[in-house]
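Here's the structure we're looking at; comments come further down.
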Amino acid sequence: MLVSAEERLTRARVVLERRGIADPALLSPEISESWRRCLAAGLDPRKPPPLDVVDDARLRVARQEREMLRRLALAEMQNLYHQIAGTNFMIAFAAPDGVLLDTIADSSFGATARASAIRPGTIWTEAQCGTNALGTVGATGTPISVHGAEHFFTQYGALTCTAAPVFDPAGQLAGVLDASSDCGSRQQHTRALVSMAASQVENGLLREGHRGDLLIAFHSRGEYLHTLSAGLLAVSEQGIVLAANRQAHFLLQGLPAVPGRRFEELFRTRFTVFLEAGGAEERQRLEDRVGSAFVARLENLRRPLAVAMARPPAGGGLAMPNGAAGGAGAGGAAGGRPGGGTLGFVAEDPAVAALVRRVEAAAARRLPILIRGETGTGKEQL
């Protein structure tokens, strides 16, 4: 005789409340593991503790500390609000410590929210509130849906909650995005929508944090380069990996897509060759070190390349190799370290030499260049 999922859950709750056991034979693995953690934390499913709430000052500080993250999250929360059909639902965003930062609720969800005290400032950790989507994602770092009686405490049994983690470019949990509704409004596609929104926030964090760096989008299929399926790598102009999104780690499994590693440790193409091709073509082929083929494109290439030319110290700075001064302040540097390019500038200062190389690379790709400096520092010569 087949037993429905609802019947198994009803039996599981009886075992939980009477014997204090989370029966894995009656529950999904993620829910049974959460129930076991709640029991280990000393929670009694029949006696939920009161919710902890932070005061307005602490909530304000928590929001200020995550200003850019909240801006990105709120934009996705608005999108989710319009994507999720029906009524009686709420979108929420919480900090890693479970503090609810922001909510956007349908007007019909008000009574449910008040009954459950779901409002900014409340703390929704699993150790305090039992199995709930926000708190359980905070504990595990993986997406989850918690439906009705799957909540550890029966007072939340009228809700269906779906949440997904948001990670920062360093791979640390930055927040949790949640969509909650009454059980009658349960939607199968909500989990996918919430996970997509979380990925959008993560990609936004990476892009915002590396606006001045090169970004490489790549995928095995070119039509996915502009989607959430694309891997994103932030790299310096010297080809050093600065950050990668989760999809980049997935696509480059087994390869060191971590900060500090070189582009050539991931791909068989030399970084300089990749840069040169990126100036003329929007897309190009890349092959990683284990032989997987990708289509890739460079982002941020069309940004103005700002070169701040400080007045060089006496006896140093920039000079033409024939001794001709590059302006009143760019006097000779005979015997200085070559800048390494075709223009023939000589620079003793490694920072200035690096700037010259950046200018040459930008000029080769016909990028706009902004050169700033005081009168006599050699702007026209450069």
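Note that this is a predicted model, so its numbers are computed, not measured.
For the pair Gln172/Pro96, no side-chain contact is recorded, criterion being any heavy-atom separation below 4.5 Å from C-beta on. Counting only heavy atoms from C-beta outward, the side chains of Glu150 and Ile144 never approach each other to under 4.5 Å. Between Gln247 and Glu202, every side-chain heavy-atom pair lies at or beyond the 4.5 Å cut-off. Here the side chains of Ile21 and Trp35 are not in contact, with every heavy-atom distance at 4.5 Å or above. Using a 4.5 Å heavy-atom cutoff, the side chains of Cys38 and Thr131 are in contact. Inter-residue side-chain proximity for Asp178 and Phe93 is flagged as unmet; no heavy-atom pair is nearer than 4.5 Å. Counting heavy atoms from C-beta outward, Leu193 and Leu80 have side chains that approach closer than 4.5 Å. For the pair Arg261 and Leu266, the minimum side-chain heavy-atom distance is 4.5 Å or more.
Membership of the apolar cluster around Met196 extends to Leu228, as traced through chained side-chain contacts below 4.5 Å between ILVMFWY residues. The hydrophobic cluster containing Leu225 also includes Val295, under a criterion of side-chain heavy atoms closer than 4.5 Å among ILVMFWY residues, counted directly or through chains of members.
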May I have the list of side-chain donor-acceptor pairs in residues 41-51 shorter than 3.5 Å, sequence neighbours left out?
{"residue": "Asp44", "atom": "OD1", "partner": "Arg46", "partner atom": "N", "Å": "2.9"}
{"residue": "Asp44", "atom": "OD1", "partner": "Arg46", "partner atom": "NE", "Å": "3.3"}

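Contact record, Ile91 with Ala179: CD1-CB, 3.9 Å, taken as the closest heavy-atom pair. Across Ala257 and Val241, no two heavy atoms sit closer than the pair C-CG1, 4.4 Å. The shortest non-hydrogen separation linking Glu265 to Pro256 is O-CD, 4.1 Å. Residues Ala248 and Leu233 approach most closely at CB-CD2, 4.4 Å, considering heavy atoms. Thr162 and Ser145 make their closest contact through OG1-OG, 3.0 Å (heavy atoms, listed as atom of the first residue, atom of the second, distance). Across all non-hydrogen atoms, the minimal contact from Leu39 to Gly20 is CD1-O, 3.3 Å.
Counting only distance, with no hydrogens or angles, the side chain of Asn245 and the backbone of Leu232 share a donor-acceptor pair below 3.5 Å. A donor-acceptor pair under 3.5 Å is formed between the side chain of Ser195 and the backbone N or O of Arg191. Side chain of Ser292 to main chain of Asp288: no donor-acceptor pair is present (N/O by atom type, distance under 3.5 Å, no hydrogens or angles). Of the possible polar contacts, one joining the Arg262 side chain to the Gln238 backbone as a donor-acceptor pair under 3.5 Å is found. Looking at Arg13, its side chain does come within 3.5 Å of a backbone N or O of Ala149 through a donor-acceptor pair. The backbone N or O of Gly148 lies less than 3.5 Å from a partner atom in the side chain of His151, making a donor-acceptor pair. Without hydrogens or angle criteria, Arg60 side chain to Asp55 main chain gives no donor-acceptor distance under 3.5 Å. Of the possible polar contacts, one joining the Glu7 side chain to the Ser4 backbone as a donor-acceptor pair under 3.5 Å is found.
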* Apply side chain to side chain contact (heavy atoms under 4.5 Å, CB included) to the pair Phe294 and Leu252, showing each step before the final yes or no. => CA-CA 10 Å; Phe294 301 104; Leu252 297 171; 4.0 Å; yes

* Could you walk me through whether Arg119 and Val53 pass side chain to side chain contact (heavy atoms under 4.5 Å, CB included), step by step? => CA-CA 9 Å; Arg119 59 182 177 82; Val53 183; 3.8 Å; yes

* Asked: Could you go step by step and tell me if Ile84 and Asp106 meet the side chain to side chain contact (heavy atoms under 4.5 Å, CB included) rule?
  -> CA-CA 11 Å; Ile84 297 177; Asp106 177 78; over 6 Å; no

* To do: Please step through side chain to side chain contact (heavy atoms under 4.5 Å, CB included) for the pair Glu17 and Thr154, ending with a clear verdict.
  => CA-CA 10 Å; Glu17 296 177 11; Thr154 56; 3.4 Å; yes

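In the hydrophobic cluster analysis, where Ile, Leu, Val, Met, Phe, Trp and Tyr join through side-chain heavy atoms closer than 4.5 angstrom, Leu275 is grouped together with Phe218. Cluster annotation: Leu74 is connected to Leu69 through the hydrophobic network of ILVMFWY side chains, with a link wherever side-chain heavy atoms come within less than 4.5 Å. Taking hydrophobic clusters as Ile, Leu, Val, Met, Phe, Trp and Tyr residues chained together by side-chain heavy-atom distances below 4.5 Å, Val166 shares a cluster with Ile123. In terms of hydrophobic clustering, with Ile, Leu, Val, Met, Phe, Trp and Tyr side chains grouped at heavy-atom distances under 4.5 Å, Val54 and Val61 are assigned to different clusters. Ile240 and Leu214 fall into different hydrophobic clusters, where Ile, Leu, Val, Met, Phe, Trp and Tyr side chains are chained together by heavy-atom contacts under 4.5 Å.
Note that the CD1 atom of Ile118 and the OH atom of Tyr156 stand 8.0 Å from one another [nearest 0.5 Å]. We find the CG-CG distance between Leu177 and Leu72 to be 11.5 Å, quoted to the nearest 0.5 Å. In this structure, the separation between CD on Glu126 and OG on Ser34 is 3.5 Å, given to the nearest 0.5 Å. Atoms CD and CD1, from Glu33 and Ile31 in turn, are 10.0 Å apart once rounded to the nearest 0.5 Å. Note that the CG atom of Asp97 and the OG1 atom of Thr125 stand 9.0 Å from one another [nearest 0.5 Å]. Interatomic distance, Phe89 CZ to Leu159 CG, rounded to the nearest 0.5 Å: 14.0 Å.
In the displayed structure, Arg268 atom CZ is contacted under 6.0 Å by more than 12 heavy atoms of other residues, nucleotides or ligands.
Using cut-offs of 30° and 60° for the angle between ring planes, the Tyr224 and His219 rings count as tilted.
Residues forming a ring pair (Phe, Tyr, Trp, His ring centres under 6.0 Å) with Phe263 (at least two apart in sequence, or on another chain): Phe267, Phe271, Phe274. Legend: residues meeting salt bridge (Lys or Arg N to Asp or Glu O under 4.0 Å) with Glu67, ordered by chain and number and at least two apart, are absent. Taking Phe250 as the reference, nothing meets the ring pair (Phe, Tyr, Trp, His ring centres under 6.0 Å) condition, with sequence neighbours excluded.
Arg8 has no carboxylate O lying under 4.0 Å from a charged side-chain N of Asp23, or vice versa, which leaves the two without a salt bridge.
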